[in-house]
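Heads up: the structure comes next, in structure tokens.
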Amino acid sequence: MKKNFHLYIIFSSKLFIFLAGIFLIGMSYSCKTPKLEEANRRFDIGEYYEASQMYRRIYNKTSPKKRDLRAELAFMVGESNRMINSTAKSLGGYQNAIRYDYPDSIVYLYTGMMLLKNGKYGDAAKYFDIYLSSEPANRLAQEGKLSTELAPLWKKSPTRYEVKKMDKFNSRRSDFSPMFVGKDYDQLYITSSREDAKGETKSGVTGLKYNDFFLIKKDEKGVWQAPETISDPINSDYDDGVCSFTSDGNTMYFTRCSVSDEGPQSAKIFYSMRSGAQWSEPTELRIFRDTTWSVAHPSVSANGEYLYFCSDIANGYGGKDIWRAILNDGIVAAVENLGEEINTEGDEMFPYIRENGELYFASNGHTGMGGLDIYRAIEKEDGSWEVQNMGAPINSNADDFGITFEGLEERGYFSSNRNDARGYDKIYSFALPSLFVEVEGWVVDKDDEIIPDAIIRVVGDDGNIYRTTSRKDGHYSLQLERGTEYVMMASAPGYMNGNRRFSTTLEEKNQTYPVDFILASITKPVLIENIFYDFDKATLRPESKEALDELIALLNDNPHVTIELAAHTDMRGSDEYNMNLSQRRAKSVVDYLINGGIDPERLTPVGYGESVPKTINKKMASEHDFLNEGDVLTEEFILALTPEQQEIAHQINRRTEFQVLKVTYKLF
């Protein structure tokens, strides 16, 4: 952000004049030459780019033996480059000042700040510690030290926002502060010092052309076009930029910084009215009686009642503060500082008030990641503010600022000079991808046969109801909500209903929940797996509880069904013995179901002994390579098998099944 940083630098000269004065007074006694006086004058009036070039040349021509003078010149190289956001040159200046024993500890604070902007958090912490040893109460140093600890963590755990550089919007110079106009969000104003900007004069502040407004439009297909020049009077021969619009798009507030023979003047806020496709001649909005203080970066609320802005007026918290003006028919009726929760000893700038009342702003005084960071602030009922750093990737160790949202959508644009060695600002897009919470699975029967066209109904404790059907391959899927408890039911002709319950979490990540339905047929016997009896007895073993409890749940989910509960044995033992044993085992299962609350009239226990050998289905055939679908495990078939295979066949024949008898119990 080559502090053509806009409309930022122009009024920075007043803020730092007291520092400059201290250091320049000290310099004057040792080397009062015309060149140095001119460098000092340029710095005083805010022409930091010109001053930086002059200080560097004087420094290079000064003998290393003049350590005091070299220290002061190096410090001013650091200062002037810091003001135009030339971080590497600024850091070099401060480090040279330290090398020549610069006497003021402030140089350690600024060195730490520049290292922070370079993402060198460990080195920055050392310099903040040195400064805090002499100034332990300094909030900027305290926040800087805390930033060196938190910024690496934010980088490792970024938010879900996706950030992309908008090459189509950007030029070879600085482009920043995008702002939507109108409710269709198909027009965007930006501020730029590109070569197409009006006039040929270069700014002594930044070394670039003065900023102008440019307009970007979407075509009929919704594709953004290249920025267009604007011939309206909102662009002057000097710096114009950082704008805001009323909700109807017919009033524009913006910053203008003029220049006189004495250098850059105080930034002021102007407004212009749209008449057709043209903007009217701008009119200054008087905010403070004392017009020598700068006011800039306007943002008007959706209802037009408030205008947020920043100013370096003396009765703030230090640096530039964010203020709020109450508007009455477009006239400033009252002004208030947003307080210490928003404002710090550093700079708070580029306020943006969103339609939902959230305030966004840039600051280098709060705990951050390096330079300016973007913060979200929510005003509470008592008038206080809750402030939150937006974290990576919206913020970086460079300067990030000038955000705008596409209405209430979690997407929009902002400015940053990340990854630009010259410190030039560029426009980036940001978007928060929608989280999907999906439930998906398969609907099959107990034999793993696909059930197409099954109906899946889902009811959430948030009151939402969903419905879908399984596809030809038995698969289904549904999009649901986070942090919700759901009850699901699958139904299909020829099958008993199946119910499931599950809950989604509030985790901010994409989530897929697998929920399969295995439906019981009402036209063929259904094997109840994992039913175990004591040897040669009808007593159910404890391991059978889970399977039988699932059967109880199934019967409760299908209250109009009656079943036959069938027990089968293998061929070993006499027919009479096997018939008696299987009957007692079927009765044991029925007794368990009755104790579980199932009406006895719905249950018919039948023992079949060895009289109904199992017919192999597809699932069983896939599990045992010596069996084929359709094989019947008769005595003759089993005796032809190997002893090991015979034992498997006996296990298959020893089974407990149920068969649906009626589906109309107490229905009429």
Side-chain angles (χ1 to χ4, degrees), residues 7 176-191 213-218 222 224 228 230 232-234 240-256 269-287 295-310 322-336 338 342 349-362 374-379 385 401-415 427 429-432:
L7 315 138
F176 56 92
S177 290
M179 186 59 59
F180 282 108
V181 56
K183 290 295 186 181
D184 294 331
Y185 304 104
D186 58 355
Q187 294 188 39
L188 198 67
Y189 279 72
I190 66 170
T191 305
F213 287 111
F214 290 81
L215 177 61
I216 308 174
K217 297 179 180 179
K218 284 184 178 179
W224 288 112
E228 304 173 2
I230 300 174
D232 288 324
I234 57 174
D240 302 288
V242 190
C243 60
S244 179
F245 300 89
T246 53
S247 58
D248 60 10
N250 291 328
T251 303
M252 175 185 188
Y253 294 90
F254 66 95
T255 310
R256 173 168 288 178
I269 292 176
F270 287 75
Y271 65 92
S272 176
M273 311 296 289
R274 189 198 297 271
S275 177
Q278 299 295 314
W279 291 103
S280 68
E281 189 67 35
T283 301
E284 182 183 347
L285 181 70
R286 288 297 183 95
I287 295 179
V295 291
H297 308 166
S299 180
V300 62
S301 62
N303 59 14
E305 294 181 2
Y306 296 100
L307 185 76
Y308 294 78
F309 63 96
C310 67
I322 294 177
W323 297 69
R324 177 166 62 189
I326 301 173
L327 300 179
N328 187 355
D329 291 331
I331 305 299
V332 175
V335 176
E336 61 177 336
L338 292 192
I342 298 290
M349 301 176 291
F350 301 97
Y352 171 77
I353 188 69
R354 200 173 172 188
E355 289 180 26
N356 60 7
E358 294 177 348
L359 175 67
Y360 293 78
F361 65 95
I374 298 174
Y375 297 82
R376 175 193 290 116
I378 299 174
E379 189 171 15
W385 294 87
F401 62 99
I403 196 168
T404 185
F405 283 82
E406 187 178 326
L408 297 179
E409 300 293 335
E410 284 298 318
R411 59 176 178 260
Y413 302 91
F414 70 100
S415 323
I427 294 173
S429 68
F430 69 93
L432 188 66

Partners passing ring pair (Phe, Tyr, Trp, His ring centres under 6.0 Å) against [X] (at least two apart in sequence or in another chain):
X    : answer
F270 : none
Y306 : none
Y360 : F405
F254 : F213

* To do: For the residue pair F350 and F401, categorise the inter-ring angle as parallel (less than 30°), tilted (30 to 60°) or perpendicular (more than 60°).
  => tilted

* To do: Kindly assign one of parallel, tilted or perpendicular to the pair Y185 and F180, based on the angle between their ring planes and the thresholds 30° and 60°.
  => perpendicular

Restricting to salt bridge (Lys or Arg N to Asp or Glu O under 4.0 Å), what partner residues turn up for [X], sequence neighbours left out?
X    : result
E355 : K183
R354 : E358, E410
R411 : E406, E409

Gap separating the [atom1] atom of [X] from the [atom2] atom of [Y], nearest 0.5 angstrom:
X    : Y    : atom1 : atom2 : result
Y271 : I234 : OH    : CD1   : 15.5 Å
M179 : C243 : CE    : SG    : 6.0 Å
F214 : I230 : CZ    : CD1   : 8.0 Å
L327 : N303 : CG    : CG    : 9.5 Å
I326 : S301 : CD1   : OG    : 10.5 Å
Y375 : I322 : OH    : CD1   : 11.5 Å

Mind listing the closest non-hydrogen atom pair of [X] and [Y] along with its distance?
X    : Y    : answer
P178 : G402 : CD-O, 3.4 Å
A377 : I342 : CB-CD1, 3.6 Å
V335 : W323 : CG1-CE3, 3.5 Å
V332 : A325 : CG1-CB, 4.0 Å

* Verdict with reasoning, F361 to L338, per side chain to side chain contact (heavy atoms under 4.5 Å, CB included) -> CA-CA 12 Å; F361 65 95; L338 292 192; over 6 Å; no

* To do: Please confirm whether the backbone N or O of D186 pairs with a side-chain atom of D184, one donor and one acceptor, at under 3.5 Å?
  => no

* Heavy-atom donor-acceptor pair, S177 side chain to T191 backbone, under 3.5 Å -> no

Please name all residues satisfying side-chain contact (heavy atoms from CB on, under 4.5 Å) with [X], sequence neighbours left out, ordered by chain then number.
X    : value
S429 : K164, M166, Y413
S280 : S272, M273
Q278 : D232
S299 : S244, Y308, Y352, I353

* side chain to side chain contact (heavy atoms under 4.5 Å, CB included) between T251 and V300: does it pass, once the steps are laid out? -> CA-CA 10 Å; T251 303; V300 62; over 6 Å; no

* Within a reach of under 6.0 Å around NZ of K217, are more than 12 heavy atoms found that belong to other residues, nucleotides or ligands? -> no

* To do: Please identify each residue that fulfils side chain to side chain donor-acceptor pair (under 3.5 Å) with E336, with sequence neighbours left out.
  => R324

* Any chance the rings of F245 and Y189 have centres within less than 6.0 Å? -> yes

